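Take a look at the structure set out below.
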Protein chains: 2
Amino acid sequence: MTDEGTVYRQADDYDRRMSPYDPSAFPPFAVTVDLAVLTVRRHALCALVVRRGEPPFQGRWALPGGFVREDEDLATAAARELVEETGLIALSTRTAPSAPAAHPAATAGAAPHPPAAPPATAPAQDPPAALGKGAHLEQLATYGDPARDPRMRVVSVAHLALAPDLPAPRAGGDAHSARWAPVEALLGHEDAFGRDEEAVPLAFDHAQILADGVERARSKIEYSSLATAFCPPEFTVGELRRVYEAVWGVVLDPRNFHRKVTGTPGFLVPSGGTTTRQGGRPAQLFRAGGATVLNPPMLRPEV
Amino acid sequence: MTDEGTVYRQADDYDRRMSPYDPSAFPPFAVTVDLAVLTVRRHALCALVVRRGEPPFQGRWALPGGFVREDEDLATAAARELVEETGLIALSTRTAPSAPAAHPAATAGAAPHPPAAPPATAPAQDPPAALGKGAHLEQLATYGDPARDPRMRVVSVAHLALAPDLPAPRAGGDAHSARWAPVEALLGHEDAFGRDEEAVPLAFDHAQILADGVERARSKIEYSSLATAFCPPEFTVGELRRVYEAVWGVVLDPRNFHRKVTGTPGFLVPSGGTTTRQGGRPAQLFRAGGATVLNPPMLRPEV
DNA sequence: CAAATAGTGTCTTTTAGACATTATAAG
DNA sequence: CTTATAATGTCTAAAAGACACTATTTG
């Protein structure tokens, strides 16, 4: 039914170039991982950005990232970068392309591995680190526009990390090399441009990566228990609700939220304790339950 | 709070190695695209597979794919491969990672595999092509396990394509170089192993890629109008229902399905005509509406 | 006629969302 | 006391799902 022989016979071409005996037969790419690390700080969804010290985009903010090493898996590289940037240990890295019903429980995914401390390189002040804490880590998408890096052909496998609120990199500072910034400002929510320092567009295609990561997070907390990744090990229903409110940018009814979240099997398990850290009546403390898929889901309010 | 200097100062490292003046400073990768092309044939979800003519995995079935060219975007490469393999024109390719309102699509981990096909091997008869037709195309996930291809380091950016039923590659044939095969058989649905020819595991990590693609499709038709990508330009409600039944592997109530699908704004628009190609009372013909996000969603029946 | 598919309606259960009320802390 | 937050309950509207019934074709 089609032109003979031409159609899916590109395979010939493939094998010829795939031959290890002719390494110059295929175009070489650099492969990196970039990280969209999100957290909730002061009731706002924030991302970790680092300031670039060299061209291109010198002085601009960018997402943290680095090269994938010779014998390193993509998930391993992302976990390594996450440790290097934040001290966070990846708690879950799934091969699965997340889907509601398919998201298996994933706990330990990528191994911690050797942080491999770079020698003398850095003055490196204010690390936003919180060693010993865990974060959710998953692959986001891959970006490979030939022009995305002016220096060479780089394909970046972006990852999304969700972490509990971490200590500020350095309170009061202003010209540091790393910081948490509200995603609204980073993504230039129209009217925000020109006002704030971080309203300058991110380097490379990192604004697109971040936007994709934010949308992934926003949609995924609907159908999974991932919102708990933004919370400390023990948290209250109110704290979890404030996570949803910050990530979605909406206000939720505390009573309906409480009823729904406590009624979803496997979402939360009471830890026994209570706290008054939010003021008011003591609230029950919970831990994340084993469920990864929420049924029924938490639905974002309509437009 | 963390080890000084080591943390996010990988930027130095990054920039040093990124320098175009030292191309040997970063490890070179081959980058490919692999395609999980899905369609619905004879009430079963099927995938396009090609037979490998050379080692490794000689004689095994694999997903179609090929190298990303020097100055080619990832989406462009995937669209090119799709045309080469099937004659299908990519109708939609989104950079966006996940499902809009809901569900995150995928994140994937690692896996290897380049499809390789033998040159002389193929008489290349039966292309499952259907020139001039369109298909949905989107990025799925990226697989980069260092061992996924025994020959060299290959990172593959897998894509998912959804197409209407196409003419069989070659009816009656049995040892062709390309064919549609039910995903159940390809993924070795337990009891299916050993019975059928395609019960032999796919080459490389293609079973993982295909499984991820199938799960992406299954979840995405819940919250988007993507199921129409499996249908011809004009289709009936019954035909659309059979798509859902095939993809999900369930039986749906025709009456509730009809009420729901016609009641979802923007999902379907009547084209005016009717058809009796399914037998019985003439059915109204519809086209896909403009809506991409379904509200309310079509929910998969529970376990 | 029977058989098959299309399309509409009706009823019950479940869920979402609006909102009242009570409980227990801090200041 | 007031104020803030937590937790439970009640009501209504919408949606899901089970299922009866009618409509229009082919054989």
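Protein chains get the first letters and strands the later ones, always in sequence-line order, with residue 1 at the start of each. Just so it is clear, the structure is predicted and the values come from calculations on it, not from any experiment.
Bounding nucleotides for the chain A contact on DNA chain C, 5' to 3', at a heavy-atom distance below 4.0 Å, are dA16(C) to dA25(C).
In this entry the distance linking NZ of Lys260(A) with P of dA6(D) reads 19 Å, nearest Å. What separates CD of Gln278(A) from P of dA6(D) is a distance of 6 Å, to the nearest Å.
With hydrogens and angles disregarded, no donor-acceptor distance shorter than 3.5 Å links the side chain of Arg179(B) to the backbone of Val49(B). Checking side-chain atoms of Arg41(B) against main-chain N and O of Cys46(B) turns up no donor-acceptor pair under 3.5 Å.
Residues Tyr223(B) and Asn295(B) are not in side-chain contact: their nearest non-hydrogen atoms beyond the backbone lie 4.5 Å or more apart. With contacts defined as side-chain heavy-atom distances shorter than 4.5 Å, the pair Ser224(B)/Thr292(B) does not qualify.
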With 3.5 Å as the limit, what N/O pairs link the protein to nucleotides 8-14 of chain D?
none

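The aromatic ring centroids of Phe235(A) and Phe230(A) lie 6.0 Å or more from each other.
Salt-bridge check for Arg300(B) with Glu215(B): passed, with a basic side-chain N closer than 4.0 Å to an acidic carboxylate O.
When each of Gly280(B) and Leu299(B) is assigned the nucleotide of DNA chain D bearing its nearest heavy atom, the one mapping closer to the 5' terminus is Leu299(B).
Looking at residues two or more places apart in sequence or on another chain, you find no side chain to side chain donor-acceptor pair (under 3.5 Å) involving Arg42(A). Applying the ring-ring contact (aromatic ring centres under 6.0 Å, His included) rule to Tyr244(B) yields the partners Trp248(B), Phe257(B); only residues at least two apart in sequence or on another chain are considered.
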- Go through the steps to decide whether Leu38(A) and Leu45(A) satisfy the test side chain to side chain contact (heavy atoms under 4.5 Å, CB included), and finish with yes or no. CA-CA 7 Å; Leu38(A) 303 182; Leu45(A) 184 62; 4.2 Å; yes

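Within residues 234-243 of chain B, no residue has a heavy atom under 4.0 Å from DNA chain D.
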What donor-acceptor contacts under 3.5 angstrom involve side-chain atoms of residues 278-291 of chain B, with partners at least two apart or in another chain?
unit_1    : atom_1 : unit_2    : atom_2 : d
Gln278(B) : NE2    : Glu239(B) : OE2    : 3.1
Arg287(B) : NH2    : Glu234(B) : OE2    : 3.0

